[in-house]
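There's a structure below that I have some questions on.
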There are 2 protein chains.
Amino acid sequence: MSNGVTISQAAAFAGVTVKTVRHYHKHGLVDEPRRDSSGYRRYGSAELLRLVQVRTLAAAGVPLAEIGPMLDADAEQFAAAIADVQRRLTERIEDLIARRDMLHRLADGDGVLLPDRARAFLDRLPDFGLSAENIAAIRDGLVLTRALVPEGFDDYLTEVERALGDTKFVELSKRSWEAAAWAPDDPRIEELANATVDHFLENPGLLAILTSLQGRSDDADARYGMISRYGKNRAPAWARLTKLVEKKLRSAGVPIPNQ
Amino acid sequence: MSNGVTISQAAAFAGVTVKTVRHYHKHGLVDEPRRDSSGYRRYGSAELLRLVQVRTLAAAGVPLAEIGPMLDADAEQFAAAIADVQRRLTERIEDLIARRDMLHRLADGDGVLLPDRARAFLDRLPDFGLSAENIAAIRDGLVLTRALVPEGFDDYLTEVERALGDTKFVELSKRSWEAAAWAPDDPRIEELANATVDHFLENPGLLAILTSLQGRSDDADARYGMISRYGKNRAPAWARLTKLVEKKLRSAGVPIPNQ
DNA sequence: ATGAACTCTGACCCAAGGTCAAGGTCAAGC
DNA sequence: GCTTGACCTTGACCTTGGGTCAGAGTTCAT
């Protein structure tokens, strides 16, 4: 009956829903327009302009609470605010692109848990005669290590990779895995512990496997204990073996956290 | 005391907050892990894997309700779902880029309301001797026209642009704007109406200005009335002028919606 | 043994709308 | 003149993906 467009026409023009327009009124972002004789809202071009401004900013991810002050500020502040919104939007876009690229790693489980270097390391293990079960346990250990001591993980991996070139170390490790199936009082455990400690002391470079996870911070030391305990619950023989090795190393002067 | 990492370590590893991890448990996205003797949750590598999978999908904008079914589906369906998520993400990214580019038009008010062609049209008007006030009114009219008859706006603008080359039409239009200030019973109104109608009838091409907004649909006809009424409330002389013109055109056989 | 830093559950809060309900208004067709 | 369907009004509750707060227990280092 009167001039101006209705709320649904205004909403369609701005590309939002009727409810959204009323939402903007309720939050004071767009002034309520005149009402006609039936109480219907009638929008003129001033309100349409404001509406389009608001939804453009809202669609760009600006929180509604910031939009009002932005539009009511002077031209200079407004320009600065717009530049800021554009900057944030650019960041957001780059983040989404990174996440999109990350998605294809989801197809393979390890892809999101371990970096490529660690996966390559695991891929080499079958050549050393380790069983799929052992490798899965090693994988879990790597994942936990990375979760617990992320800052030491790269160095740790480097040391373990290097140790793979040491035939004797690989052999001892394999026997240690087998030891999980032994009885806790099996005499071979002490024998294996001695051989392991001897080899570590003869090749001090191997100790870097341990130190790469220690000394970085007090926290890291505590976490080392947690990692070394991982799996003990499953195999009592393994627990005894680890305990013996740690004790012998410690008595040889190698600092091992004892928690 | 037991193996596995605590909730805050798991959360840090996955890049989310502790609260978010619990949220995922509550919604069944990640199974509750074992509890230690104090009732603390202890996460192993299987839970860490699941947690990272969930947050990767959630960060890519997948609704939580869809994530569970996705991860529990077989590899083929999962791959298809991932491809779909990537597609949606790409759309979203392109949308955000468009919105970012749109933002700089906000600096100038008309930029978001009218397309470049209409702005160029308005920019030419001062050369024809129209006052800033008249131009603002014309601008409002264009905005409302675009809001009401978006599908006819381009044609309408083309016709109005063409009419700008018609000196007599421009002169009549300027007199019409002046008429807003006249008394409603000013005898010049009838005179101006006659001159306008005569000119329209001598130059039938001008009638396209009207028809570009009509006949497109029944709705559009009704909306034409709304547009033609725009401003009438402000100037009674203008209302009378419009009414006379419409009446005379109609009696000359030109179809004008009469609402 | 004391304090700091974690953990637990549960309850409420938030933005930015969507949905539903219960009625008033308007134009059209019969 | 009456109905039908499309709009419009307000108000109250629902949703998503968490955040915040409260009150109590745990662990760890000093």
Side-chain angles (χ1 to χ4, degrees), chain A residues 1-2 4-12 14-30 32-43 51 54-55 57-68 148 217-226 229 257-259, chain B residues 1-2 4-12 14-30 32-43 51 54-68 148 217-226 257-259:
Chain A
M1 195 48 87
S2 177
V5 306
T6 67
I7 193 168
S8 65
Q9 290 168 327
V16 297
T17 68
V18 168
K19 186 63 214 275
T20 299
V21 176
R22 291 201 272 247
H23 193 66
Y24 292 166
H25 288 321
K26 191 147 52 187
H27 288 61
L29 286 172
V30 179
E32 289 275 358
R34 290 177 304 100
R35 303 290 182 124
D36 65 17
S37 53
S38 328
Y40 288 12
R41 294 174 178 86
R42 291 292 174 166
Y43 296 81
L51 187 55
V54 170
R55 81 90 211 224
L57 290 170
V62 181
L64 296 194
E66 292 176 22
I67 292 178
L148 286 165
S217 70
D218 291 351
D219 281 0
D221 285 358
R223 291 181 199 147
Y224 162 78
M226 209 181 283
R229 266 192 311 274
N258 48 5
Q259 292 289 348
Chain B
M1 195 48 84
S2 176
V5 306
T6 66
I7 194 167
S8 65
Q9 290 168 328
V16 297
T17 67
V18 168
K19 186 62 217 274
T20 299
V21 177
R22 291 202 271 246
H23 193 66
Y24 291 165
H25 288 321
K26 191 148 52 187
H27 288 61
L29 286 171
V30 179
E32 289 275 359
R34 289 176 304 100
R35 304 292 182 122
D36 65 16
S37 53
S38 329
Y40 287 13
R41 294 173 178 86
R42 290 291 174 169
Y43 297 81
L51 187 55
V54 170
R55 81 89 210 227
T56 302
L57 289 171
V62 181
L64 296 195
E66 291 175 23
I67 291 178
L148 287 164
S217 71
D218 291 351
D219 280 3
D221 286 357
R223 292 180 199 148
Y224 162 78
M226 209 180 282
N258 47 7
Q259 293 288 351

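First the proteins, then the strands, lettered A, B, ... as listed; each starts at 1.
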- Item | Heavy-atom pair of closest approach, residues B:Leu64 and B:Leu29 |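 That closest heavy-atom pairing would be O-CD2, 3.5 Å.
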
Listing request: all salt bridge (Lys or Arg N to Asp or Glu O under 4.0 Å) pairs with a residue in residues 16-25 of chain B, at least two apart in sequence or in separate chains.
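Every pair satisfying salt bridge (Lys or Arg N to Asp or Glu O under 4.0 Å) with a residue in residues 16-25 of chain B: there are none.
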
Q. So, do B:Pro33 and B:Arg42 sit near enough that their side-chain heavy atoms are less than 4.5 Å apart?
A.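 No, their side chains stay 4.5 Å or more apart.
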
Which pair of non-hydrogen atoms, one from B:His25 and one from B:Tyr43, has the smallest distance, and what is that distance?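 In terms of heavy atoms, the two residues are closest at NE2-OH, 2.7 Å.
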
Its contact letters, B for base, S for sugar-phosphate only and - for none at protein heavy atoms under 4.0 Å, make nucleotides 3-17 of chain D read ----BSBB-B----B

Inset, instruction - Decide yes or no for A:Val30 and A:Val21: does some side-chain heavy atom of the first lie under 4.5 Å from some side-chain heavy atom of the second? - result: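 Not touching, per the 4.5 Å side-chain cut-off.
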
B:His25 NE2 to D:dG18 P: how many Å, rounded?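 Atom NE2 in B:His25 sits about 14 Å away from atom P in D:dG18.
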
